[in-house]
**Student:** 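First the structure, then my questions, so here it is.
When a residue number appears, it is its place in the shown sequence, counting from 1.
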Amino acid sequence: CGITPIGLEHTKILGDTLAKISVEKAGIIKAPSQKVALAPQAAEALEVIRARCREFGITPTVVGQDLALSVRSQDLGGVSFDVAGRREYCGLTTRLAGAHQAVNAALAIAMAEDLELFGFRLTAEAVAQGVGETVWPGRFEIFHRRPVVVLDCAHTRESAAAFVQTFQALFPGRKAVVVFGASNDK
């Protein structure tokens, strides 16, 4: 299984702290035979997840610690990056904008490498193809070029921060008009 960065979302259901939400999210970890891959986490969340892994004798793979990630470049066409897990993947490119998408791809690669332990065959070519063909509508999606209109479904502080960082990296010094809408629970 894989756990993406945990933030304060669905607080009425999951809890109002990162620790409480992490307990719920870590509930996906249920058996010693599982493999667990983690995106970088806040310390509070990481400790909860590591404790759950210890209950089952699992050593998780953490992106940025156990699986190296290096972003080469980013532009409106996507991100170029390298990942070093059980093998090295150099010059990967995703059409998704934002350095955070390289983190998401690295998490997916960690999970794919874990599948090899269960008999699945993984090739560097398949990884490159999967990363390169991934589309995610509504995630820093360039909807219009003149004027630039970007659609993004950011709904947590963390995803909004990733949007701002991506905007600043791709449109340095430019001002933006933001139209924001959210449900009452966001």
Side-chain angles (χ1 to χ4, degrees), residues 1-71 74 79 81 83-86 89 92 94 96-118 120 122 127 130-131 134 136-140 152-169 180-186:
C1 64
I3 300 178
T4 58
I6 295 175
L8 293 174
E9 64 177 326
H10 309 297
T11 54
K12 289 184 181 177
I13 298 167
L14 302 176
D16 59 358
T17 67
L18 282 182
K20 289 177 183 176
I21 294 170
S22 299
V23 166
E24 297 298 325
K25 300 272 185 168
I28 194 171
I29 303 164
K30 298 180 181 189
S33 60
Q34 279 183 283
K35 301 299 175 199
V36 178
L38 306 173
Q41 302 289 340
E44 181 180 1
L46 185 59
E47 183 47 44
V48 169
I49 299 166
R50 284 191 185 279
R52 178 72 177 188
C53 286
R54 282 192 297 273
E55 289 177 31
F56 295 97
I58 297 170
T59 301
T61 300
V62 181
V63 172
Q65 294 177 15
D66 308 303
L67 183 133
L69 168 64
S70 175
V71 173
Q74 64 175 315
V79 182
F81 58 99
V83 171
R86 290 191 187 100
Y89 308 90
L92 294 173
T94 178
L96 304 175
H100 62 287
Q101 295 298 358
V103 173
N104 290 335
L107 178 62
I109 290 167
M111 293 171 64
E113 286 189 342
D114 283 345
L115 285 173
E116 286 186 301
L117 302 173
F118 296 97
F120 289 85
L122 179 69
V127 167
V131 168
T134 299
W136 200 350
R139 289 294 184 171
F140 211 92
D152 196 285
C153 60
H155 63 283
T156 65
R157 287 178 190 232
E158 295 81 8
S159 59
F163 173 85
V164 169
Q165 289 169 352
T166 301
F167 185 86
Q168 289 173 338
F180 179 81
S183 301
N184 289 340
D185 65 336
K186 302 295 181 214

**Student:** So, E24 side chain and I13 main chain: donor-acceptor pair closer than 3.5 Å or not?
**Tutor:** no
**Student:** Can you name the nearest heavy-atom pair linking D66 to P60, along with the distance?
**Tutor:** OD2-O, 3.4 Å
**Student:** Surrounding CZ of R157 (heavy atoms of other residues, nucleotides or ligands, distance under 6.0 Å), is the total greater than 12?
**Tutor:** no
**Student:** How far apart are the closest heavy atoms of V62 and A39, and which atoms are they?
**Tutor:** CG1-O, 4.5 Å
**Student:** Determine the minimum heavy-atom distance between R52 and I29, stating which atoms define it.
**Tutor:** NH2-O, 2.6 Å
**Student:** Should T134 and Q101 count as side-chain neighbours, where that means a heavy-atom distance under 4.5 Å?
**Tutor:** no
**Student:** Within this structure, what is the CD-OG1 distance for the pair E9 and T156, rounded to the nearest 0.5 Å?
**Tutor:** 6.0 Å
**Student:** Indicate yes or no: at least one non-hydrogen side-chain atom of E113 is less than 4.5 angstrom from one of Y89.
**Tutor:** yes
**Student:** Is a side-chain N or O of Q34 found less than 3.5 angstrom from the main chain of A31, in a donor-acceptor match?
**Tutor:** yes
**Student:** For the atom pair NZ (K20) and CD (E44), what is the distance rounded to the nearest 0.5 Å?
**Tutor:** 10.5 Å
**Student:** Any idea which heavy atoms bring K25 and I3 closest together, and the distance?
**Tutor:** O-CD1, 4.1 Å
**Student:** Hey, does V83 have a side-chain heavy atom less than 4.5 Å from the side chain of V131?
**Tutor:** no
**Student:** For the CZ atom on F120, are there more than 12 heavy atoms of other groups (residues, nucleotides or ligands in this structure) within a distance under 6.0 Å?
**Tutor:** no
**Student:** Can you measure from CG (L38) to CD1 (I6) and round to the nearest 0.5 angstrom?
**Tutor:** 8.0 Å
**Student:** Say you draw a straight line from NE2 of H100 to CD of Q74; how long is it, rounded to the nearest 0.5 Å?
**Tutor:** 9.0 Å
**Student:** Search all heavy atoms of F167 against all heavy atoms of F140 and return the closest pair with its distance.
**Tutor:** N-CE1, 3.7 Å
**Student:** How many angstroms lie between atom CG of D16 and atom NE2 of H10, to the nearest 0.5 angstrom?
**Tutor:** 15.0 Å
**Student:** Are L18 and L8 packed together at the side-chain level, in the sense that at least one heavy-atom pair is separated by less than 4.5 angstrom?
**Tutor:** yes
**Student:** Which distance, rounded to the nearest 0.5 Å, do you find between the CG of L46 and the CD of Q65?
**Tutor:** 6.0 Å
**Student:** State, yes or no, whether a side-chain contact exists between R50 and V36 at a heavy-atom distance under 4.5 Å.
**Tutor:** no
**Student:** Check whether Q165 reaches the backbone of A160 with its side chain - one donor and one acceptor, N or O, closer than 3.5 Å.
**Tutor:** no
**Student:** If every non-hydrogen atom of A97 is compared with every non-hydrogen atom of V79, which pair is closest and at what distance?
**Tutor:** C-CG2, 4.4 Å
